[in-house]
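Sequence lines set the chain letters: A, B, ... in the order given, protein chains first and strands last, and positions in each chain run from 1.
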There are 4 protein chains.
Amino acid sequence: MSPATRSEESRQAIIEAALGLCVERGFASTTIEGIAARAGVGKTTIYRWWPSKAAILIEGVENARDAAAGFPDTGDIRADLAAQTSSVMRLFNTEFGEIWRGLIGAAQSDEAAAEGVTRILRVSIDACVERLATARDAGQIRTDLDLEMAVELLYGPIYHTWLLRTRPLPEAYMESVLATLLPALVPAPDPH
Amino acid sequence: MSPATRSEESRQAIIEAALGLCVERGFASTTIEGIAARAGVGKTTIYRWWPSKAAILIEGVENARDAAAGFPDTGDIRADLAAQTSSVMRLFNTEFGEIWRGLIGAAQSDEAAAEGVTRILRVSIDACVERLATARDAGQIRTDLDLEMAVELLYGPIYHTWLLRTRPLPEAYMESVLATLLPALVPAPDPH
Amino acid sequence: MSPATRSEESRQAIIEAALGLCVERGFASTTIEGIAARAGVGKTTIYRWWPSKAAILIEGVENARDAAAGFPDTGDIRADLAAQTSSVMRLFNTEFGEIWRGLIGAAQSDEAAAEGVTRILRVSIDACVERLATARDAGQIRTDLDLEMAVELLYGPIYHTWLLRTRPLPEAYMESVLATLLPALVPAPDPH
Amino acid sequence: MSPATRSEESRQAIIEAALGLCVERGFASTTIEGIAARAGVGKTTIYRWWPSKAAILIEGVENARDAAAGFPDTGDIRADLAAQTSSVMRLFNTEFGEIWRGLIGAAQSDEAAAEGVTRILRVSIDACVERLATARDAGQIRTDLDLEMAVELLYGPIYHTWLLRTRPLPEAYMESVLATLLPALVPAPDPH
DNA sequence: AGTTAACCGAGACGGTACGTCGCGTCTTGTT
DNA sequence: AACAAGACGCGACGTACCGTCTCGGTTAACT
């Protein structure tokens, strides 16, 4: 009466194969057939549980992310933002960057992929918002700031430059951005 | 209609077919075969002049852009930035937005498409930089500002929100962004 | 329903499902999965007891045949042959005909199916041979006749026409065949 | 304006590959994919011109048949029938036999294949009927005989035994059949 | 004025991957 | 131990497009 149960082994193998192929051959050249072959799995098993290759990669990224840390909190919001945003920027130049780039690309014409991307981002954004809220409560950030928008001001430039490839991102990019942007986010100095 | 020399008629038909299909069926479902069929053109003619569907669309977008205006200059940088960025943002919700979204998506795993996207953007960025330079010379913008980065701070939030779909863009989005961001771009007030 | 011992209920359901599907959808479109679903049975149960769909149908046909009569014997061999062969011919135009046709088709490239078909036929052929032997002993058939071959002369034309579809079988087909063939099978008239 | 033209080279390669695979692996194990691979041809090319593997083989058989002889006519109908039918019977034990068997099998549940099989047979049957007509006009065959039926009486036993595998066909099978059957086909002797 | 060569439409070609179907096996609880 | 349910690896299906390649058939430009 009970249905045969899903093979966790296959699930893992499929996700790893997808991530591996995406890194080795790029997102566009990664195919369901290729994933099935490398995972030693039937295509049917993939189609039974995922609607597209993007969905597999999204699950892979979420798995990895779940095993990772949150936003740092040293008490110094400027240092924490610099650390976190720079680390994200550096991540974009790794293997993960290529996967993430492919997913965002797919999301532009695949509603389901878009949902996954948004779901992944939501977590990071919320973490950043929360850190900013802590900083605000500590008097390090203006109280009248829309924190969601603040996140967009912080990460927008990175994504703009990285996705649209308008220029190479310098190592110290976020230092410059923060130097310009932060004064607009902190409380106005006492006018005395 | 002319042999031994390129048919302008076919070129137009192909670009229009590509744009039309992209709007009607979406970027991903637009195929070279479909474009050829709708344009009443042989596939060979397409492959002779363009390397990919993205290239056709890029040419179409460039055509359209060339027939459009540059950056406004009313003398009031804040008003001009507000006008231009808002107009861009509104554009993203039109048919053009879907084409542009598809191209940016394709650019994530297609080097040639990426080049085209960058080429298109370069023009807009340069126009914005130039307007900022004028404003700076007029004392409306800090002299020590990296203008390229300033553009990224202005458009980054729009692209971040629009491409990553983290939330719907409110109508007055750029008003808020500018309210927060501009104080950081204008010259510091005389401390006396 | 009953563990540790074969479920007769399932056996019946499977055979009936197989026959039903074969009649409704045709032999080629009848699948093991379809049979299992219609019978409300697990595929394992089918594979445990039968090697192929042909085997199920063969069992079904044998079941039906076992419930049917043998060769008629009115004492008049001509009448009996006419009755029996015509009845077989008529059977080929019923639902059973489609099943039987499918089985013979499968038998052409499936050794096991071929065996089943032959086994089923053997019974009918032996019955016919026996009837002919009785007739021979009664002086109605030549004593030097190879009875096995006689059966082939009788049924060969039917199968030839039915399987190879060279022409529609007229209602009175066997009357004509017997009119031509029988004189060759009966004892030569006394030359006085 | 003119459409690109069909590749005769591919057509030949496909037919030869199909016949070859059918001989080597058997009809059931011959697949469109296998044919395409062996012929060095895209699957599309096969599907563009043939509806099924049976259709390819039918074309192959027709090609071969067109290059073959008709019915012999030595003036002696008995000898000619013996020669022709025995040669057909021998053919069934060759590679061709396996192909022909497969096609007849497929024809039992594939309307298109059935049509092809019938079309092929029609030629042979007509040739036989014609030969019988010549013999009849020469006084060697009864004038009141349905010649189509006569063909069925001649070939029916062969197909019955070969397709239904009720027993191995002895080498001299047709000698026996003709010895029994022919007296029924020739004109009645003068009763004086 | 006639020749010629590049470009045109059409679409067949060898391929790759698609997403689906059914195979026969295996696994999981239930009876 | 046999059962229903159904997931699994596998192989073939028939389809959609890819990018390349003939095919005639136009003209524009150069003899």
Side-chain angles (χ1 to χ4, degrees), chain A residues 1-11 13 29-37 39-49 51-53, chain B residues 1-7 9-11 13 29-37 39-53, chain C residues 1-7 9-11 13 29-37 39-53, chain D residues 1-11 13 29-37 39-49 51-53:
Chain A
M1 192 59 58
S2 73
T5 188
R6 179 170 183 184
S7 160
E8 178 59 19
E9 200 174 352
S10 292
R11 186 183 151 274
S29 303
T30 298
T31 64
I32 300 273
E33 295 222 318
I35 295 168
V41 137
K43 282 200 288 179
T44 314
T45 302
I46 296 183
Y47 284 111
R48 199 176 350 249
W49 302 109
S52 67
K53 67 171 166 177
Chain B
M1 195 53 59
S2 58
T5 185
R6 180 170 183 183
S7 159
E9 202 173 350
S10 291
R11 184 181 153 275
S29 303
T30 298
T31 66
I32 299 274
E33 300 222 319
I35 295 168
V41 136
K43 284 200 289 175
T44 317
T45 303
I46 296 182
Y47 283 110
R48 197 175 353 248
W49 304 108
W50 293 277
S52 69
K53 68 171 166 176
Chain C
M1 192 59 49
S2 55
T5 184
R6 178 168 185 184
S7 160
E9 200 173 351
S10 291
R11 184 183 153 275
S29 303
T30 298
T31 66
I32 299 273
E33 300 222 320
I35 295 169
V41 137
K43 283 201 289 174
T44 317
T45 303
I46 295 182
Y47 284 110
R48 194 170 2 245
W49 304 108
W50 293 276
S52 69
K53 69 171 167 177
Chain D
M1 195 56 58
S2 73
T5 189
R6 178 171 183 182
S7 159
E8 177 61 18
E9 200 173 351
S10 292
R11 187 183 150 273
S29 303
T30 298
T31 65
I32 301 272
E33 295 222 319
I35 295 169
V41 137
K43 281 199 287 177
T44 314
T45 301
I46 296 182
Y47 284 111
R48 192 167 6 240
W49 303 109
S52 68
K53 67 171 167 177

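Direction of the helix axis in the helix from E/dA1-F/dT31 to E/dT31-F/dA1 shifts by 10° between the two five-pair termini, rounded to 10°.
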Donor-acceptor pairs under 3.5 Å, side chain of residues 40-52 of chain C to any protein atom, not counting sequence neighbours: which ones?
residue	atom	partner	partner atom	Å
C/K43	NZ	C/E33	OE2	2.6
C/W50	NE1	C/E59	OE1	2.6
C/S52	OG	C/A54	N	3.4
C/S52	OG	C/A55	N	3.2

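Remark: C1' of E/dG24 and CH2 of C/W50 are 16 Å apart, rounded to the nearest angstrom. In this structure, CZ of D/R6 is placed 12 Å from C1' of E/dC13, rounded to the nearest angstrom. Spacing between atom NZ of B/K53 and atom C1' of F/dA16 amounts to 13 Å, rounded to whole angstrom units. F/dT22 atom C1' lies 16 Å from atom CD of D/E8, rounded to whole Å. We find that CZ of D/R48 is positioned 12 Å from P of F/dA16, with the value rounded to whole Å.
Along DNA chain E, the nucleotide closest to C/Y47 and the one closest to D/S7 are compared, and the more 5′ of them pairs with D/S7.
Summarising the geometry of B/K53 relative to B/I32, their closest heavy-atom pair is N-CD1, 3.8 Å, with the distance given to 0.1 Å.
For A/T5, the side-chain atoms get nearest to E/dT28 when compared with the rest of E/dT28, F/dC8, F/dC13.
For the segment residues 39-46 of chain A, the set of residues with a heavy atom within less than 4.0 Å of an atom of DNA chain F comprises A/G40, A/V41, A/G42, A/T44, A/T45, in numerical order. Contacts with DNA chain F (heavy atom under 4.0 Å) in residues 29-37 of chain A: none are found.
Every side-chain hydrogen bond (donor to acceptor under 3.5 Å, both in side chains) that A/S7 has, sequence neighbours left out, goes to A/S10.
Residue-level contact check: A/W49 touches the backbone only, with heavy atoms under 4.0 Å from sugar-phosphate atoms and none from bases.
The line from CZ of D/R6 to CD of D/E8 is 7.5 Å long, rounded to the nearest 0.5 Å.
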